[in-house]
Amino acid sequence: MEELKDIEALLVEERTFTPPEEFVERANITDPGIYEEARRDPERFWANFAQELEWFRPWKKVLEWNPPYAKWFVGGKLNISYNCLDRHVKGPRKNKAAIIWEGEPGDTRTLTYFELYREVNKFANVLKKLGVKKGDRVAIYLPMIPELPIAMLACARIGAPHSVVFSAFSSKALQERTEDSKAKLLITADGYYRGGKVEQLKERADEAAAACPSIEKVVVVKRIGREVPMQKGRDFWWDELMRDAPAYCEPEQMDSEDMLYILYTSGTTGKPKGVVHTTGGYLVGVYATMKWIFDIKEEDTFWCTADIGWVTGHSYIVYGPLAVGTTSLIYESVPNYPQPDRFWEIVEKYSVNIFYTAPTAIRAFTRDGEEWPNKHDLSSLRLLGSVGEPINPEAWMWYHRVIGKERCPIVDTWWQTETGMILISPLPGITRTKPGSATFPFPGVEAEIVDKDGRPVPPGRGGYLAIMRPWPAMLRTIYGDPARYEKYWNQVPGIYFTGDGAKKDEDGYFWIVGRIDDVINVSGHRLSTMEVESALVEHPAVVEAAAVGKSHPLKGQALTAFVILAPGYEESPALVQELRNKVAEVIGPIAKPDEIIFVPDLPKTRSGKIMRRILKDLAERRELGDTTTLRDPAIVDEIRKKMGY
Ligand code: WTA
């Protein structure tokens with residue numbers, strides 16, 4: 001496979017960084033023997049973490065593995081909101097800040113564990129009053145405001161799986177996901193701030209709700225205080241419902257394997273998949289990784305800059321941080337508003353200790369210049385994290401030097417919506433890091449670089465990143481589509497194929513290169529090229545479209561779309577704009593192609609299959625691979641000339 005050859009060509013970084021002594025002295029885990037211990041008895045390893053949590057009824061068996069179906073902590077009963085709230089409220093964390101929130105205009109809110117507990121209990125009662133029962137799905141389409149985690153935890157408290165849809169997604173995207181989950185209730189807001197502008201969220205939510213018969217009621221949070229349409233009998237204001245809600249709601253005793261949430265993510269087809277996570281194993285997975293990878297101490301303030309609409313926010317803004325009882329910071333908006341130092345201003349203002357962000361943001365910071373972080377006191381920081389895509393060594397070094405002042409370890413964490421928890425990452429008190437490498441699988445996790453038959457490949461050789469045994473926070477199914485779930489494990493029975501290409505170096509370090517399927521990562525946002533293609537062909541001017549990812553210095557990857565026009569349409573800058581807007585309307589602004597190229601035909605095989613490999617070469621403007629199997633080899637030269645290279 002050509003992609004795998006590209007992986008081998010990847011440079012091996014020679015620099016290494018040992019954990020600083022002062023960090024190791026206080027680190028939660030420093031014994032490298034833990035890897036061997038976990039390997040010998042992974043079930044006991046996970047059970048030890050599970051024992052630190054509260055169960056209404058203990059589990060009978062740690063793992064039941066009938067490939068590809070796993071059950072973790074079988075027979076155990078628990079509630080994740082109880083573990084994130086009640087457990088702390090009973091002790092000295094009662095009045096500790098659980099959530100510190102900063103809005104874009106600079107307004108702030110702090111919720112202690114007790115206050116958060118109160119709000120969650122009340123909203124759980126509101127949900128019940130609105131007719132939501134255990135097992136009913138609730139769609140949440142909220143911006144980054146405290147009501148988002150409150151709503152999630154309230155759903156978890158009564159056993160109603162939530163389906164959070166990223167607030168920057170379009171109404172069509174919300175509609176598609178809600179049609180699939182058949183959510184009964186939708187929670188949204190009157191709007192939110194984004195780069196100084198007000199986003200009209202309620203109007204978008206209304207469009208989706210009108211098209212989804214499953215939605216019976218809509219709860220609306222007042223974030224902006226603007227006038228929005230409210231449909232009588234269907235729409236209710238959050239604050240009015242909360243006013244007389246009872247203060248306590250008994251947490252539902254959930255089975256370890258009961259569904260906690262659905263989160264839609266892009267696969268290789270045009271239809272997003274509803275990744276299903278369950279309760280017990282997920283909680284144990286996020287709890288363990290929070291403790292050991294982020295090395296949480298009682299006095300820490302933890303800031304993960306992701307949006308809660310993505311899995312990173314689910315696991316490391318909401319469930320993980322609250323499970324370990326830390327203070328989780330939430331910021332409403334973008335890094336560069338009103339100026340490029342907003343993040344650093346926030347770090348200084350709240351004395352953030354652990355900072356977790358994405359390589360795309362780091363690359364943008366390097367471009368803005370060091371003067372922005374240098375204006376602020378960043379001395380509170382003691383640990384830095386990265387997630388979402390491979391971090392290039394230059395960005396890693398900048399992060400280490402300019403933000404970490406060469407004293408903060410960096411944890412480059414690899415994982416996916418499907419994995420629920422971080423699976424590959426340094427342990428900051430143990431691992432010697434190499435810039436650009438996610439280093440080693442977490443203890444108890446068995447990852448390998450394999451060929452298509454599941455056989456490990458030798459060091460230095462490119463292959464498929466695979467997980468060789470089940471892990472607690474793994475997805476359990478794809479909502480309503482078990483066949484699609486089984487595909488992850490079917491390539492070689494019992495082995496989970498991640499869809500990523502990677503290699504190991506001579507020292508056993510993992511170097512992840514990125515997706516080898518038709519999923520791409522634009523600014524840390526996961527998209528499927530097929531989704532973009534189907535959005536484009538919805539426009540009457542488009543007969544056929546093919547979208548591919550190409551490397552982009554800031555976004556990691558960007559989209560190039562090749563489009564065949566319908567008769568009667570002429571290419572023009574206005575049409576390019578229209579097509580880009582079409583994609584924004586169907587998916588969301590993040591999915592807009594950077595480049596649209598009008599072509600007379602697409603490179604296809606004799607059987608009519610589009611050769612994406614050649615389109616990728618074209619998009620990258622590099623030498624073309626083998627074109628002899630094409631039905632019409634002349635077409636690629638024509639496209640190439642048109643692109644001017
Ligand atoms: C990529 C985000 C390299 C990878 C948590 C994966 C990474 C996809 C890293 C999942 C990393 C995530 N190094 N690549 N540290 N972290 N990825 O589902 O391609 O939005 O398959 O989950 O992001 O994206 P998702």
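We use all heavy atoms of the structure for the numbers below, so side chains are in, but hydrogens, waters and symmetry mates are not. Counting starts at 1 for both ligands and their atoms, in listed order. All residue numbers refer to positions in the sequence shown, counting from 1.
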Any R526 side-chain heavy atom under 4.5 Å of R515 side chain: yes
Near ligand 1, at a heavy-atom separation below 4.0 Å: residues by chain and residue number: V311, T312, V387, G388, E389, P390, D412, T413, W414, W415, Q416, T417, D500, I512, R515, N521, R526
With sequence neighbours excluded, residues passing side-chain contact (heavy atoms from CB on, under 4.5 Å) with T477: V276, P482, Y485
Any donor-acceptor pair under 3.5 Å from R363 side chain to A395 backbone: no
R612, CZ: over 12 other non-hydrogen atoms inside 6.0 angstrom: yes
Over all atoms of both residues, closest heavy-atom pair of W46 and G444: NE1-O, 3.8 Å
Cation-pi, Y479 ring and R137 (6.0 angstrom, 45 degrees): no
